[in-house]
S.K.: 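Starting off with a structure, shown below.
Residue numbers start from 1 in every chain, and the chains themselves are labelled A, B, ... in the order their sequence lines are given, proteins ahead of strands.
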There are 2 protein chains.
Amino acid sequence: MLWEIYILVPRLSLSFTSPTSYISPIFISNNNIKEMVKRIAIIGSGNWGSAIARIIGQTTSQHKDTFDSHVKMWVYEEIVNGEKLSEVINQRHENVKYLPGKKIPENVVAVTDLVETCKDADFLIFVVPHQFVGGLCKQLKGNIKSDAQGISMIKGLALNTGAKSGINLITDEIKSILNIKCSVLMGANLAHEVAEDQFCEATIGYNGTNPEEEIILKKLFHTDSFRISVVKDANTVELCGALKNVVAIAAGISDGLGYGDNTKAAIIRLGLMEITKFAERYYPPSNLKTFFQSCGVADLVTTCYGGRNRKLGMAFAKSDKDIKTLEKEMLNGQSAQGVYTAEELREMLKQNNAEADFPLFIGVDKVCKKEIKPKELIEYLKNHPEHD
Amino acid sequence: MLWEIYILVPRLSLSFTSPTSYISPIFISNNNIKEMVKRIAIIGSGNWGSAIARIIGQTTSQHKDTFDSHVKMWVYEEIVNGEKLSEVINQRHENVKYLPGKKIPENVVAVTDLVETCKDADFLIFVVPHQFVGGLCKQLKGNIKSDAQGISMIKGLALNTGAKSGINLITDEIKSILNIKCSVLMGANLAHEVAEDQFCEATIGYNGTNPEEEIILKKLFHTDSFRISVVKDANTVELCGALKNVVAIAAGISDGLGYGDNTKAAIIRLGLMEITKFAERYYPPSNLKTFFQSCGVADLVTTCYGGRNRKLGMAFAKSDKDIKTLEKEMLNGQSAQGVYTAEELREMLKQNNAEADFPLFIGVDKVCKKEIKPKELIEYLKNHPEHD
């Protein structure tokens, strides 16, 4: 049998509604259709993974001409209330441990075998804690399609384990192990609000040159409530997601010391200036406009007002306990990523003899290590090179 | 008698500490010294005026080679607890009505005659509610030094009363009536926190070409706690200060409807995009970097989390009352500037057939006028042209 299907001919702009787009009918056989649609694998099924699975389930069902709506989600098997988590997800379509009360579409199927999840996939969505990325990629090496692409949703940095210590982008780690392209999705996206279909935005950073791929990436995530912009500046998008956590610790310290809105605004702004300087200097070219996307100012602001890094910074400024103790007491097993990112940044900036240019990044690490008192961080910032 | 004084020879950059600056001794007589130093007049003595008077009193005493430390502050005379406000300020050095508990330096002298305050001044600092600017300038016309300069600290827009209705910058109103240059100072500056000497930043927008003037402007406001950057993009600085209030009403509406951090972050970002688009389109050239100053993202964020426009927007979304009623009930005689700015913007955008490009600005006016329900504003924003 022959299918008549309609292809939206790609344009350079990403608007789906512009009159310059046009629909072109083509005729194609049953088998070829199966080959053309893109298969998606979600690697991870925590809070954020489950929230994004709700979106991917929806978009792949909605765009069957573009995606195989049978989506596999890799689940690290756990026993929850005497049941296997993967079985609970496949039977009751809910991740009762990490996203209770929210329906995961039935076309998303939990799989516990990582290679089985990914072997046929065209797009691998990475949404796991950043320390697991290396290990998972090593398992996948040689077991995925040669033209597969990655999409990282992980906000953090990897420690460079090569000859030169310092930091690495998570996407660089994925790319180097798997030898594939890798985009990123970042934004002001608290998982439980995304799962409630509250209006929010996200930014995809894509560095390829294929306009069709851009459209596919946008289609894969864009829903009525979750609004996507695609920018060709993936490194900046990823850096925004990682570095904001350091700024949030400084914002929390200011809150904990009892300073008001002006001081916090100054800290957020100076943090933003350090993020831009870092991106421009160490990952050029970086487009200033990218910082106006959801991954930039929006995520930074949200994190500095509501995130767990800010919460930890605030508690730290108010107490005599050390960071590790507070992390255990307050974050229920989760880590405050900004603490580790600040440490890694300082190491790298020291090697580059650039500590004086980034007083906020450096100051946060010094406070966390109790080398200076929280209040001294504010003095550091009063003399920020931005004010010269 | 001859004085030996030292002049810091101005450079193009604003750093005071850079080794490329150099000190040059010159010799000058007693009388000439008096002529060289700049005299400052502060027009206004409310909450913000009194807070800035604390700073001006400090900087003019500190830099006697640059400023006359005898600073006049125009006070609109009121009787407070049976005493004249001007006399209280001059005797007890405290504005007991608008900034109680905070010392105003003794070198700042309250004067109730506007022309007397300003006639000898080189710099006129405007810090009054925006609706009084026109009337005050008319009183000053012909009664000030011909080379005097204005500095506006007023966050708002003026209604154009000429043939073409629409909006005007406050500085344009000052410039056109007094025929003087006018800079602006804007930033994330809640007055009571500035008066407590909490660390904060501000941005001066200066459009002149004289590097010495830039240095003088910075010197006039820059203290250990109040940190100044000067940018040559005064219109953008002023627009940031005025337009943020509209975004804050939208942020308040989102809070009032019970939406979370993601939605609020999206609203703040989309608002920022409309502010940049407005500045670039109607007041070019506008430098994208200016939005990274305190007047830009920092002030926007502070206002959207803590200001009275946000508070009013939140109450409005939760109640059946109209804006005027809520303003009376909640703001103790003050107005929520964003409501009026949104109305003026809509009128102007309508004339320019550009309403579709600014759904947030237009939507806020529609909500305030009860043409649409608060919830519909969120739907407007989901379909923002930014997402195309």
Side-chain angles (χ1 to χ4, degrees), chain A residues 13-18 187-190 192-194 196 198-202 222 224-229 254 259-270 272-273 276 288-289 291-294 296-307 378-379 381-388, chain B residues 13-18 187-190 192-194 196 198-202 222 224-229 254 259-270 272-273 276 288-289 291-294 296-307 378-379 381-388:
Chain A
S13 151
L14 286 169
S15 167
F16 293 125
T17 53
S18 161
N189 302 141
L190 295 177
H192 69 277
E193 294 179 15
V194 173
E196 282 166 10
Q198 288 189 22
F199 162 50
C200 71
E201 304 178 310
H222 198 64
D224 181 53
S225 300
F226 194 69
R227 312 298 282 174
I228 301 292
S229 298
S254 177
Y259 293 112
D261 291 326
N262 294 354
T263 304
K264 187 160 170 176
I267 286 172
I268 292 173
R269 186 189 88 82
L270 292 170
L272 181 60
M273 297 312 286
T276 61
L288 205 60
K289 286 193 172 176
F291 298 97
F292 288 86
Q293 295 295 336
S294 183
V297 285
D299 193 15
L300 176 65
V301 165
T302 302
T303 308
C304 286
Y305 278 87
I378 310 299
E379 294 304 313
L381 298 182
K382 281 186 184 177
N383 297 304
H384 200 284
E386 273 300 312
H387 300 132
D388 290 341
Chain B
S13 150
L14 287 167
S15 167
F16 294 125
T17 54
S18 160
N189 302 142
L190 295 177
H192 70 277
E193 293 179 14
V194 173
E196 282 166 9
Q198 287 189 23
F199 162 50
C200 70
E201 304 179 309
H222 197 64
D224 182 51
S225 300
F226 194 69
R227 310 299 280 174
I228 301 293
S229 298
S254 177
Y259 293 112
D261 291 325
N262 294 354
T263 303
K264 187 160 171 176
I267 286 172
I268 292 172
R269 185 189 88 83
L270 291 170
L272 181 61
M273 298 312 286
T276 61
L288 205 60
K289 286 192 172 176
F291 298 96
F292 288 87
Q293 294 294 336
S294 182
V297 285
D299 193 14
L300 176 66
V301 165
T302 301
T303 308
C304 287
Y305 278 87
I378 311 299
E379 294 304 314
L381 298 182
K382 281 185 182 176
N383 297 304
H384 200 286
E386 272 300 312
H387 301 131
D388 290 341

S.K.: For residues F291(B) and V297(A), determine if any side-chain heavy atom of one lies less than 4.5 Å from a side-chain heavy atom of the other.
M.R.: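 A side-chain contact is absent here, since even the closest heavy-atom pair is not under 4.5 Å.
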S.K.: Heavy-atom pairs under 4.5 Å with chain B: which of L288(A), I267(A), T302(A) has the most?
M.R.: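 Of L288(A), I267(A), T302(A), L288(A) has the most heavy-atom pairs under 4.5 Å with chain B.
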S.K.: Counting only heavy atoms closer than 4.5 Å, note whether L272(B) contacts chain A via side chain, backbone, both or neither.
M.R.: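 For L272(B), the contact with chain A is made by the side chain alone.
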S.K.: Side chain from CB out, backbone as N, CA, C, O: work out which of these in D224(B) comes under 4.5 Å of a heavy atom of chain A, or both, or neither.
M.R.: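 Both backbone and side chain.
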S.K.: Which heavy atom of H387(B) sits nearest to which heavy atom of E201(A), and what is that distance?
M.R.: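 What the structure gives for the nearest pair is NE2-OE2, 2.6 Å.
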S.K.: Does any backbone or side-chain atom of T276(B) lie under 4.5 Å from a heavy atom of chain A? Answer side chain, backbone, both or neither.
M.R.: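 Side chain only.
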S.K.: With a 4.5 Å cut-off on heavy-atom pairs, point out which of Q293(A), M273(A), E386(A) contacts chain B the most.
M.R.: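 Greatest number of close heavy-atom pairs with chain B: Q293(A).
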S.K.: With chain B as the partner, which of L300(A), L190(A), N383(A) has the greatest number of non-hydrogen pairs under 4.5 Å?
M.R.: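 Highest number of pairs under 4.5 Å: L190(A).
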S.K.: Just so I know, are the side chains of N262(A) and Q198(B) near enough to count as touching, which here means a heavy-atom distance under 4.5 Å?
M.R.: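 Answer no - side chains too far apart.
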S.K.: Measuring heavy-atom distances to chain A, does K289(B) have an atom under 4.5 Å in its side chain, in its backbone, in both, or in neither?
M.R.: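 Both parts, backbone and side chain.
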S.K.: Going from SG on C200(B) to NZ on K382(A), what distance comes out if it is rounded to the nearest 0.5 angstrom?
M.R.: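 Going from the SG atom of C200(B) to the NZ atom of K382(A) covers 10.0 Å.
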S.K.: Which class fits the ring pair Y305(A) and Y305(B): parallel under 30°, tilted 30 to 60°, perpendicular over 60°?
M.R.: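 Ring orientation of Y305(A) relative to Y305(B): parallel.
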S.K.: Could you list the residues that satisfy salt bridge (charged side-chain N to carboxylate O under 4.0 Å, His left out) with E196(A), not counting sequence neighbours?
M.R.: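 Residues passing salt bridge (charged side-chain N to carboxylate O under 4.0 Å, His left out) with E196(A): none at all.
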S.K.: If you tally heavy-atom pairs under 4.5 Å against chain A, which of I268(B), I378(B), N189(B) wins?
M.R.: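 That would be N189(B).
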S.K.: Atom OG of S229(A) and atom CZ of R269(B): how far apart are they, to the nearest 0.5 Å?
M.R.: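 Reported value, rounded in 0.5 Å steps: 5.5 Å.
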S.K.: What part of I228(B) gets within 4.5 angstrom of chain A, counting heavy atoms only: side chain, backbone, both, or neither?
M.R.: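 For I228(B), backbone heavy atoms alone lie under 4.5 Å from chain A.
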S.K.: Heavy atoms only: give me the nearest A265(A)-A188(B) pair and the separation to one decimal.
M.R.: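 Minimum heavy-atom contact is CB-CB, 3.6 Å.
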S.K.: Please report the interatomic distance CG(L270(A)) to OG(S294(B)), rounded to the nearest 0.5 Å.
M.R.: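 That separation rounds to 9.0 Å.
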S.K.: Output the distance between atom CZ (F199(A)) and atom CD (E379(B)), rounded to the nearest 0.5 Å.
M.R.: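 So the CZ of F199(A) and the CD of E379(B) are separated by 9.0 Å.
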